[in-house]
Structure formats: C-alpha cells, structure tokens
Amino acid sequence: MRIYNTLTERIENFEPINPPVVGIYACGPTVYDYPHIGNLRTFCCVDFLRRTLEYFSYNVKLVINITDIDDKIIKAVNETNTSLREYTSKYEKYFFESIDKLNIKPASFYPRATEHINQMVEIIKLLLEKGIAYKAEDNSIYFSVSKFEEYGKLSKIDRSNLRKGVRVDIDQYDKENPADFALWKAYSKEDGQIFWDLDIGKGRPGWHIECSAMNRHYLGQPFDIHAGGVDLIFPHHENEIAQSEAAYGKKLANYWFHVNHLIVDGQKMSKSLNNILTIKDIPNPMALRLLYLQTHYRNKLNFTFDSLKSAENALNSLDSFVRTLIDIKTYYEFDDNKSDTNEYIRSIGQKYKYSFEEALKDDLNTPRAVSYLFELSNEFFSFLSKNPKEVRYSEAVYLIDIISEFDKVLGLKLLDIPTIPTEVQELLIARKKAKAEKDYIQADNIRNKIREMGYIVEDTPWGTRCRKA
RNA sequence: GGCGACGUAGCCAAGUGGCAAGGCAGGGGCCUGCAAAGCCUUGAUUCCCGGGUUCGAAUCCCGGCGUCGCCUCCA
C-alpha cells in the first residue's frame with residue numbers, strides 16, 4: 001500500500017514498524033461544541049484508512065483522543081456554572097452519536113486529556129531538565145522553539161518569513177521568543193475551579209502536550225501513522241513533533257496523514273456565515289458517507305445539498321443491485337439444478353475486486369474504488385438482461401460475497417436490508433391476491449396506499465419486493 | 001510579504017506523458033397489466049487562457065487569469 005506523507009511531501013510505500021500491527025493516532029474532537037460535517041469528514045477518512053488496512057490484514061490499533069480541557073471549555077464551564085465533566089460529557093455523547101450514524105468503527109481507545117496529566121507532566125519535566133523548556137515570569141512553562149533545530153519540518157514554515165506586523169500577541173510577552181508555545185499554562189482567576197496544583201506549578205496543560213503524552217502512552221514512540229485535518233499541520237502537529245522529539249530524541253511518527261477541508265457552497269463553514277452543519281442537518285448519513293468516499297481525502301470537498309441528494313440517489317441504485325442479487329438468491333435457494341458459477345460473472349467479479357484493491361492501495365483512492373462497484377453493477381445488470389437464465393443461486397451468492405468484501409472498507413451497510421413493518425407486509429399479501437385475480441385497480445390502490453406509508457413496491461421476475469422510499 | 005493547493009461535461013468527481021473512469025441530472029427507445037427497477041442509446045473533437053518541450057500533454061516547463069488554504073482559534 002502506498003500513502004502520501006505530509007512530512008516528506010510524497011507518496012511512499014507503507015511499512016509498519018511491527019507488522020501486522022499498525023498504530024494510528026488521530027486528533028479527536030474538542031468537546032465544547034457539536035462536531036460539524038467537516039470534522040466528521042476527517043474521522044470518516046481515518047475510518048477509510050483504518051478499514052483499508054484491516055482489509056489488507058493489518059491489525060490496527062487506533063487511538064482517537066478526546067480534548068476535554070482548553071480555553072473555550074474553561075470559559076464555557078465557568079459561564080454555565082456546571083462541572084467540567086458534566087459539560088464535556090454532553091458533547092462527548094454527541095460526538096459518539098455522530099460517528100455512529102456515519103458507521104465509523106470505534107477506535108481502540110478514546111483517551112481523555114484530563115486523565116493523562118501525569119504523562120504530560122513527565123514530558124514537561126524532561127524538557128525542563130534538558131533546558132529546552134523554561135518557566136517564564138508569568139509561571140507558565142514554554143517550549144523554546146530555537147532549541148529544536150528541526151522546527152518547521154512538517155509544515156515547511158520558515159520562521160524568518162513571518163508576515164510583518166501580523167498577530168503580535170500582546171498577552172504573551174513573557175515568552176523569550178514569540179514563536180515559543182505553552183506546555184503548561186499558569187493558573188489565572190478566570191480559570192475558576194479548573195486547575196491542577198502540581199510541583200511544576202498550579203495551572204493546566206497547553207494545547208499540544210496532551211497529544212504527545214497520549215500517543216506515546218498508547219502507541220509508543222515512534223508509532224506508524226499520525227492523522228488529522230490539514231489545519232492541524234501548523235501549529236499543532238509541528239509543536240507535537242517538537243515536544244516529543246526533543247524530549248526523547250526519537251522520531252514521533254513515521255507517516256503523517258492529513259485530510260483536506262470540507263467547504264459548504266464554496267465557502268468555509270463559520271459561525272458568522274451561519275453555515276455550520278452537523279449530522280442533525282443530514283437526512284441520510286449513509287449518503288454523506290458515500291459523498292465523502294467520492295472525493296479523494298487530499299482534495300477539498302465542496303458540500304451542497306444537491307450533491308448530497310446525488311449521493312442518495314446513487315446509494316439507491318446500489319441498493320437495487322444488492323436487492324436484485326438477494327431476490328435471485330432467494331428465488332433459486334432450493335433449486336437443485338446448480339451448475340458451476342457462470343464464467344462471465346466470475347470474470348467481472350475478479351476484475352473489479354482486483355481493481356478495487358489496487359485503487360485503495362494507491363494512496364487510498366476511494367473515488368476510484370467506488371467507481372468499480374458501480375461498474376460491477378452496470379456489467380451485472382447488462383449481463384442479466386441478456387442472459388436472465390444464467391444468473392442463479394451461485395452467481396448471486398458469488399457477487400453478494402464480493403459486495404460484502406467491498407463494504408468492509410466502504411462501510412455503507414450495503415447488505416443491511418431494513419425490515420418491512422407488518423402492516424405493509426399485510427398489504428403486500430392483499431395486493432398479491434388482487435394481482436392473481438387480475439384485479440389491477442385494487443392492486444394499484446394497495447400499491448398507492450403502501451406508497452403513502454413511505455414504501456415503494458416493485459414487481460420483479462423473482463417476486464415482489466418493497467423498499468423504503 | 002512568505003509557503004502551498006486547486007481550476008476536467010449542467011452539477012459532483014477520478015485520471016498526472018499514449019486517443020477523457022465513475023456518480024447525479026437530462027433526451028430518445030425497450031421491457032412492464034400499469035409502475036418501479038433495469039437494459040439499449042445520447043452527451044467534453046476536449047481538460048481556465050497563451051506559449052514551449054515531445055512522435056505524442058488534461059498530464060512536464062514558462063507566463064497569465066481565477067478560486068482557495070496556512071503563516072500560532074480551527075478537522
């Protein structure tokens with residue numbers, strides 16, 4: 001498998017440190033707000049990566065952290081008069097609900113920042129001992145960027161080229177160098193009850209240290225893949241590298257996987273534009289997942305409700321592919337006249353399975369991988385319409401099996417057929433009776449009635465089927 | 001000012017040196033008791049524009065135009 005590495009800016013062969021185990025750390029949600037569909041895209045793409053590696057028999061250990069302490073959270077907690085845990089658990093819950101709706105497989109661990117303060121302190125102490133970090137006048141502890149020569153190697157930022165006059169942060173004058181960043185922030189009154197009173201000082205952790213502490217704790221150093229959104233390249237990941245590598249003299253991670261942004265109607269999602277969308281705004285989460293699959297993770301995805309609708313229609317056509325196979329399988333279930341699986345069906349199955357895998361191996365090209373599923377569907381239907389008798393039980397089983405393999409990576413729940421309510425089932429029986437008596441007026445009435453209940457009736461050569469509209 | 005990305009049919013989107021995948025939408029025909037689904041058929045003589053390299057470029061190089069991201073809030 002080949003994958004693009006932000007660190008080297010090229011597509012590289014993926015070689016894990018301890019195969020078949022692959023350690024992945026993905027920067028997770030800051031639980032002070034609802035995750036929007038841009039955040040969710042990143043988690044979904046990490047899910048595609050993880051599922052792809054598992055498809056190729058790797059044993060993935062995925063860590064997604066929960067950032068449950070930061071400036072915004074502290075502010076919100078103190079304003080709303082709740083406890084930190086009470087506040088963050090509400091948003092944690094929403095995060096888990098969101099990823100569940102998108103059928104994102106659970107990570108191996110979801111460590112919380114507040115539960116790994118000790119591991120953070122260990123790194124900070126080491127950096128202080130080595131003289132790479134210092135305690136400033138304000139009692140905060142900073143990382144001295146000038147002490148780490150490789151600073152900027154991930155983001156390719158040259159500190160001497162900073163735009164003149166931009167963002168000279170007035171409240172950070174205690175730093176020796178404006179580029180230095182906080183490892184430990186000294187307590188201030190605005191923090192209220194949120195602080196840790198430790199030997200390194202009373203205060204709370206800086207933004208980046210949590211990830212260094214948790215990825216090291218769960219995956220060791222170095223580990224295989226570090227993932228996140230492109231906006232985290234600088235400063236977050238750059239600073240993580242600085243802390244971890246300066247403290248331990250070892251590389252932090254071998255591969256850096258960054259997912260590009262999702263924009264809405266060509267514009268960045270922002271509160272001022274009032275265009276922030278969450279999973280609650282998405283009527284069909286699986287269609288959103290397909291939409292994510294249809295754009296390469298390194299390209300921007302322009303979300304519109306029109307394209308969501310397109311994805312939903314596309315999903316319906318895949319659904320009819322699967323249903324047709326299931327209908328055929330059921331129809332011939334007890335047919336004894338089985339011969340060997342049709343050669344043409346086998347050949348297209350093999351061809352597209354091979355292409356599907358090659359696309360994934362090529363820097364996780366999910367848009368191309370998905371296109372082969374559609375091509376398989378097209379060639380299948382084309383063959384079926386010309387050779388209806390050639391497609392029977394074993395052909396159906398053969399293709400269902402391939403789709404099920406594809407769906408291990410795609411995660412579109414292609415083989416989950418929702419059950420039909422009993423009221424609808426009863427109407428279907430009544431319609432069948434009317435049809436047998438050639439009472440088409442009655443049959444059509446029943447069909448309309450079912451339609452009003454939100455279901456579509458379809459007559460096929462293998463019987464009548466019913467699906468949700 | 002520095003660094004970087006992108007611009008492919010009505011829309012979305014692959015392809016990065018050998019005559020332009022796939023999805024959605026649309027047109028025409030077939031199948032069907034009627035539908036639905038499906039089949040067949042139709043669509044970029046061309047990949048933002050202008051040069052160049054090459055037997056050959058959407059793909060490489062140079063120059064424009066346009067959109068966007070990052071340069072310590074951010075998935």
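In what follows, chains carry the letters A, B, and so on, assigned in the order in which the sequence lines appear, proteins first and then strands, with residues in each chain numbered from 1.
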Open item on the list: Mind checking if A:His261 touches a base, just sugar-phosphate, or nothing, with heavy atoms under 4.0 Å?
Closed with: base

TODO: Using atom CG of A:Asp306 as one end and atom P of B:rC11 as the other, report the distance to the nearest whole Å.
DONE: 11 Å

Task: Whole-Å distance separating the CG atom of A:Leu183 from the C1' atom of B:rU72 - done: 14 Å

TODO: Could you tell me whether the phosphate oxygens of B:rC40, OP1 or OP2, come under 4.0 Å of any side-chain nitrogen or oxygen in A:Ser382?
DONE: yes

Task: Pairwise C1' distance for B:rG50 and B:rG15, with rounding to whole Å - done: 24 Å

Open item on the list: Can you work out whether A:Ser310 or A:Arg465 has the more 5'-proximal nearest nucleotide on RNA chain B?
Closed with: A:Ser310

Open item on the list: With a cut-off of less than 4.0 Å, is there a side-chain N or O of A:Asn378 near OP1 or OP2 of B:rG38?
Closed with: no

- [ ] For A:Gly228, report the nucleic acid contact type (base, sugar-phosphate, nothing); a contact means any heavy atom under 4.0 Å.
- [x] sugar-phosphate

Open item on the list: Quick one: does any side-chain atom of A:Glu458 pair with a main-chain N or O of A:Arg465 as donor and acceptor, under 3.5 Å?
Closed with: no

Task: Interatomic distance at C1', B:rA58 relative to B:rC19, whole Å - done: 13 Å

Open item on the list: Checking the side chain of A:Asn275 only, and the main-chain atoms of A:Lys268 only, is there a donor and an acceptor separated by less than 3.5 Å?
Closed with: yes

Open item on the list: Over all strands shown, is A:Arg447 touching base, sugar-phosphate only, or nothing at heavy-atom distances under 4.0 angstrom?
Closed with: base

Open item on the list: Need to verify one output field. Residue with the more 5' nearest nucleotide on RNA chain B, A:Asn365 or A:Val457?
Closed with: A:Asn365

Open item on the list: Can you check the distance between B:rA21 and B:rU16, where both ends of the measurement are the P atom (answer in whole Å)?
Closed with: 13 Å

Task: Sugar-phosphate, base or nothing in reach of A:Leu262, heavy atoms under 4.0 Å - done: base

Task: Distance, P atom - from B:rU46 to B:rU59, rounded to whole angstrom - done: 15 Å

Open item on the list: Can you tell me if A:Asn299 touches the phosphate of B:rA14, counting only side-chain N or O atoms and a distance under 4.0 Å to OP1 or OP2?
Closed with: yes

TODO: Please state whether the phosphate of B:rC70, meaning OP1 or OP2, lies under 4.0 angstrom from any side-chain nitrogen or oxygen of A:Lys268.
DONE: yes

Task: Between A:Thr67 and A:Glu210, a side-chain donor and acceptor under 3.5 Å - done: yes

Task: Donor-acceptor pair, side chain of A:Tyr87 and main chain of A:Tyr32, under 3.5 angstrom - done: yes

TODO: Using the C1' atom on both, measure B:rG56 against B:rU41 and round to a whole Å.
DONE: 32 Å

- [ ] Using the C1' atom as the reference point in each nucleotide, state the distance between B:rA35 and B:rA44 in Å, no decimals.
- [x] 35 Å

Open item on the list: Counting the atoms with a prime plus P, OP1 and OP2 as sugar-phosphate, which does A:Arg467 contact under 4.0 Å by heavy atoms, base, sugar-phosphate, or nothing?
Closed with: sugar-phosphate

Open item on the list: Under 4.0 Å, heavy atoms only, any strand: does A:Lys438 hit a base, just the sugar-phosphate, or nothing?
Closed with: nothing

Task: Integer angstrom distance from the C1' of B:rG10 to that of B:rA5 - done: 26 Å

Open item on the list: Please determine whether a side-chain nitrogen or oxygen atom of A:Asn239 lies at a distance below 4.0 Å from atom OP1 or OP2 of B:rU72.
Closed with: no

- [ ] Return yes when atom NZ of A:Lys90 has more than 12 non-hydrogen atoms of other residues, nucleotides or ligands closer than 6.0 Å, and no otherwise.
- [x] no

Open item on the list: Could you tell me how far B:rC24 sits from B:rA13 if I compare only their P atoms? Round to whole Å.
Closed with: 15 Å

Open item on the list: For a quick test of reading the model: is some side-chain N or O of A:Asn313 closer than 4.0 Å to OP1 or OP2 of B:rA25?
Closed with: yes

Open item on the list: I want to check one thing: is the phosphate of B:rC24, taken as OP1 and OP2, less than 4.0 Å away from some side-chain N or O of A:Ser317?
Closed with: yes

Task: Criterion salt bridge (charged side-chain N to carboxylate O under 4.0 Å, His left out) on A:Glu395 and A:Arg392, from CA distance to verdict - done: CA-CA 5 Å; A:Glu395 287 74 19; A:Arg392 300 162 78 96; over 6 Å; no

- [ ] Please work out if A:His36 contacts a base, only the sugar-phosphate, or nothing of the nucleic acid, heavy-atom cut-off 4.0 Å.
- [x] base

Task: Side-chain donor-acceptor pair present, A:His296, A:Tyr4, cut-off under 3.5 Å - done: no

Open item on the list: Any base atoms under 4.0 Å from A:Asp70, or only sugar-phosphate, or nothing? Heavy atoms, all strands.
Closed with: nothing

Open item on the list: Check this one for me: any side-chain N or O of A:Trp207 less than 4.0 Å away from OP1 or OP2 of B:rC74?
Closed with: yes

Task: Per-pair stack call A:Tyr440 and B:rG33, 5.5 Å, 30° - done: yes

